[in-house]
Chemist: 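Just passing along the structure, written as structure tokens.
Keep in mind the model is a prediction, meaning the values are calculated, not measured. All values below were derived from every heavy atom in this structure, side-chain atoms included, with hydrogens, water molecules and symmetry-related copies excluded.
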Amino acid sequence: MQRIGRLAACAAPVCPRRSGPTRWGQTAEHRQHCATVRPARPFSAVTGRRFVFAGEKHRLFSSQPGAEGPGKSTDDRPVISVVGIPDPIALIRCKIIMFLLDLYFELNMNSAEFERGVKQALVHVSNKMSRGRYHELKGLVSAEMMAYVEKRCSSLTETQRKQLSVATDDIIFVLPEDISVVHDKYGRKFCFIVMRFWLLSSHEGPDDPEALKIFKVASTEDGTPQKKIATAVYEFHGEVKRGASPDWTVTTVWHWHWNLAA
């Protein structure tokens, strides 16, 4: 598998894949393996289109505004202040690649529909993990990541596992953190996009240092437990073709809560 030279030659290089913790235990071999298998069609971020997650065959999530999916919270949000900014160089690099993907493949990752789609994926996957229903992730999450998720969740207590659940209103902010475009020996082109989510959490334990770089939650005055901000990272993989919506599959799942395991 090689990067697409034409895209790289037209502007900044494709965002480099990071080593260390941001790889979330994944390897280059895993990435190459995923790109050789066409995934099932778990969801699609197309305007006006409705899509069904695997394991939720009778529950439809609309990509229209105002239809954000299950698990929506009714509690008022605490006061949240911005105390920092994400890495501007990485963000600019990703924005350039997103522009090129839109230019060459008509794939608009800056759209509200795409953002709603990835948010719905986070809500769906986190709710399944919190209930221990890992088998219902089949079709949306890669087989290797399903096994990895089950292993990581098994080290959590029942209370910690339930705290993995994310409601739509809990999501504060989402940004692309890394994007790669590769092609295989058959000439098929694949996109990997890493999205980082900042979200409200009721977990007990230390704060997420990555979250504290960007946001701060104001102290409560009524004595209720103060919510914290945590992060989650999901990687989406799909084959890209001009004028066609990719069949996205989640190939990486990481939640800050996993660091709380004893």
Chemist: Check side-chain hydrogen bond (donor to acceptor under 3.5 Å, both in side chains) between Lys162 and all other residues, then give those that pass, not counting sequence neighbours.
Modeler: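 side-chain hydrogen bond (donor to acceptor under 3.5 Å, both in side chains) list for Lys162, sorted by chain: Glu158.
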
Chemist: Got a donor-acceptor contact below 3.5 angstrom from the Arg161 side chain to the Ser130 backbone?
Modeler: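 Yes, the answer is positive, given that a donor and an acceptor are paired below the 3.5 Å cut-off.
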
Chemist: For the pair Glu235 and Thr251, evaluate side-chain hydrogen bond (donor to acceptor under 3.5 Å, both in side chains) and give the outcome as yes or no after the intermediate values.
Modeler: CA-CA 6 Å; Glu235 180 183 66; Thr251 52; 2.7 Å; yes

Chemist: Taking atom NZ of Lys128 and atom SG of Cys153, what is their separation to the nearest 0.5 Å?
Modeler: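 Those atoms lie 14.0 Å apart.
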
Chemist: When you compare the side chain of Val166 with that of Ile171, does any pair of heavy atoms fall below 4.5 Å?
Modeler: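 Sidechains of Val166 and Ile171: in contact.
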
Chemist: Please report the shortest heavy-atom distance between Leu107 and Pro246, naming the atom on each side.
Modeler: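 Leu107 and Pro246 have their closest heavy atoms at CD1-CD, 3.5 Å.
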
Chemist: Under a single-linkage definition using a 4.5 Å side-chain heavy-atom cutoff for Ile, Leu, Val, Met, Phe, Trp and Tyr, are Leu212 and Val174 assigned to the same hydrophobic cluster?
Modeler: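 In one cluster with Leu212: Val174, no.
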
Chemist: Would you call Met129 and Val253 a side-chain contact if the rule is heavy atoms closer than 4.5 Å?
Modeler: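 They are in side-chain contact.
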
Chemist: When rounded to the nearest 0.5 angstrom, what distance separates CG in Leu199 from NZ in Lys228?
Modeler: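 Reported value, rounded in 0.5 Å steps: 13.5 Å.
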
Chemist: Sequence neighbours left out, what passes side-chain contact (heavy atoms from CB on, under 4.5 Å) with Pro206? Give chain and number order.
Modeler: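 In terms of side-chain contact (heavy atoms from CB on, under 4.5 Å), with neighbours along the sequence ignored, Pro206 is linked to Trp256, Leu260.
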
Chemist: Under a 4.5 Å cut-off applied to non-hydrogen side-chain atoms, are Thr252 and Phe192 in contact?
Modeler: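 A side-chain contact is absent here, since even the closest heavy-atom pair is not under 4.5 Å.
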
Chemist: Can you find a heavy atom in the side chain of Phe99 that is under 4.5 Å from one in the side chain of Tyr104?
Modeler: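 No - every pair of side-chain heavy atoms lies 4.5 Å or more apart.
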
Chemist: Got Met146 and Val149 here, is their nearest side-chain heavy-atom distance under 4.5 Å?
Modeler: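 No - every pair of side-chain heavy atoms lies 4.5 Å or more apart.
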
Chemist: Within a strict 4.5 Å, meaning less than it, do heavy atoms of the Met109 and Leu101 side chains meet?
Modeler: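 They are in contact (side-chain heavy atoms under 4.5 Å apart), so the answer is yes.
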
Chemist: Measure from the ring center of His255 to the ring center of Tyr234 and say whether it is less than 6.0 Å.
Modeler: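 Distance test on ring centres: under 6.0 Å, yes.
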
Chemist: Is there side-chain contact between Glu113 and Asn108, with at least one heavy-atom pair below 4.5 Å?
Modeler: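 With C-beta onward as the side chain, the pair stays apart.
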
Chemist: Once side-chain contact (heavy atoms from CB on, under 4.5 Å) is applied, do any residues pair with Lys216, and if so which ones, sequence neighbours excluded?
Modeler: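 Per chain and number, Lys216 pairs via side-chain contact (heavy atoms from CB on, under 4.5 Å) with Ser81, Val83.
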
Chemist: Distance from Asp184 atom CG to Glu239 atom CD, nearest 0.5 Å?
Modeler: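 So the CG of Asp184 and the CD of Glu239 are separated by 7.5 Å.
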
Chemist: Tell me who clusters with Ile89, hydrophobic residues only, linked when side chains sit under 4.5 Å apart either directly or through other members.
Modeler: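 Once heavy-atom contacts under 4.5 Å are chained together, Ile89 still belongs with nothing else.
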
Chemist: Evaluate Val123 against Thr168 for side chain to side chain contact (heavy atoms under 4.5 Å, CB included), listing each step before the verdict.
Modeler: CA-CA 6 Å; Val123 170; Thr168 303; 3.8 Å; yes

Chemist: How far does CE of Met98 sit from CG of Leu103, to the nearest 0.5 angstrom?
Modeler: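 Going from the CE atom of Met98 to the CG atom of Leu103 covers 14.0 Å.
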
Chemist: Quick one: do Lys227 and Asp170 satisfy side chain to side chain contact (heavy atoms under 4.5 Å, CB included)? Show the steps, please.
Modeler: CA-CA 10 Å; Lys227 285 195 172 184; Asp170 292 334; 4.0 Å; yes

Chemist: To the nearest 0.5 Å, what is the distance between SG on Cys94 and CD1 on Ile179?
Modeler: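 So the gap between those two atoms works out to 4.5 Å.
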
Chemist: Just to verify, what does Glu106 make a side-chain hydrogen bond (donor to acceptor under 3.5 Å, both in side chains) with, not counting sequence neighbours?
Modeler: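 For Glu106, the residues satisfying side-chain hydrogen bond (donor to acceptor under 3.5 Å, both in side chains) (neighbours in sequence not counted) are Arg242.
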
Chemist: Atom NZ of Lys189 and atom NE2 of His183: how far apart are they, to the nearest 0.5 Å?
Modeler: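 Lys189 atom NZ to His183 atom NE2 measures 7.5 Å (nearest 0.5 Å).
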
Chemist: Are any side-chain N or O atoms of Asp207 and backbone N or O atoms of Pro209, one a donor and one an acceptor, separated by less than 3.5 Å?
Modeler: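 No; judged by distance alone, with no hydrogens or angles, the pair does not exist.
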
Chemist: For the hydrophobic clusters of this structure (ILVMFWY residues joined by side-chain heavy atoms under 4.5 Å, transitively), does one cluster hold both Ile85 and Ile92?
Modeler: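 Unlinked, Ile85 and Ile92 end up in two clusters.
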
Chemist: Is the shortest heavy-atom distance from the side chain of Cys191 to the side chain of Phe236 under 4.5 Å?
Modeler: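 Not in contact.
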
Chemist: Distance-only, no hydrogens or angles: does the Gln160 side chain make a donor-acceptor pair with backbone N or O of Thr157 under 3.5 Å?
Modeler: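 Present.
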
Chemist: Identify, with sequence neighbours excluded, every residue that meets ring pair (Phe, Tyr, Trp, His ring centres under 6.0 Å) alongside Tyr134.
Modeler: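 Tyr134 satisfies ring pair (Phe, Tyr, Trp, His ring centres under 6.0 Å) with no residue once adjacent residues are dropped.
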
Chemist: Identify, with sequence neighbours excluded, every residue that meets side-chain hydrogen bond (donor to acceptor under 3.5 Å, both in side chains) alongside Lys95.
Modeler: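 For Lys95, the residues satisfying side-chain hydrogen bond (donor to acceptor under 3.5 Å, both in side chains) (neighbours in sequence not counted) are Asn110.
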
Chemist: Could you work out, with side-chain hydrogen bond (donor to acceptor under 3.5 Å, both in side chains) as the rule, every residue matching Ser201, not counting sequence neighbours?
Modeler: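 Checked Ser201 against side-chain hydrogen bond (donor to acceptor under 3.5 Å, both in side chains); matches are His203, His257.
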
Chemist: Run the ring-centre check on His237 versus Phe190 and record whether the distance is less than 6.0 Å.
Modeler: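 Yes, close enough.
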
Chemist: Tell me every residue that passes side-chain contact (heavy atoms from CB on, under 4.5 Å) with Ser154, counting only those two or more places apart in sequence or in another chain.
Modeler: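 Expected list: none.
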
Chemist: Give the other cluster members for Leu91, using side-chain heavy-atom distances under 4.5 Å between Ile, Leu, Val, Met, Phe, Trp and Tyr residues; answer none if it is isolated.
Modeler: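 Taking Ile, Leu, Val, Met, Phe, Trp and Tyr as members, Leu91 shares its hydrophobic cluster with Ile80, Val82, Ile172, Phe173, Leu175, Trp198, Leu200, Ile214, Phe215, Val217, Ile229.
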
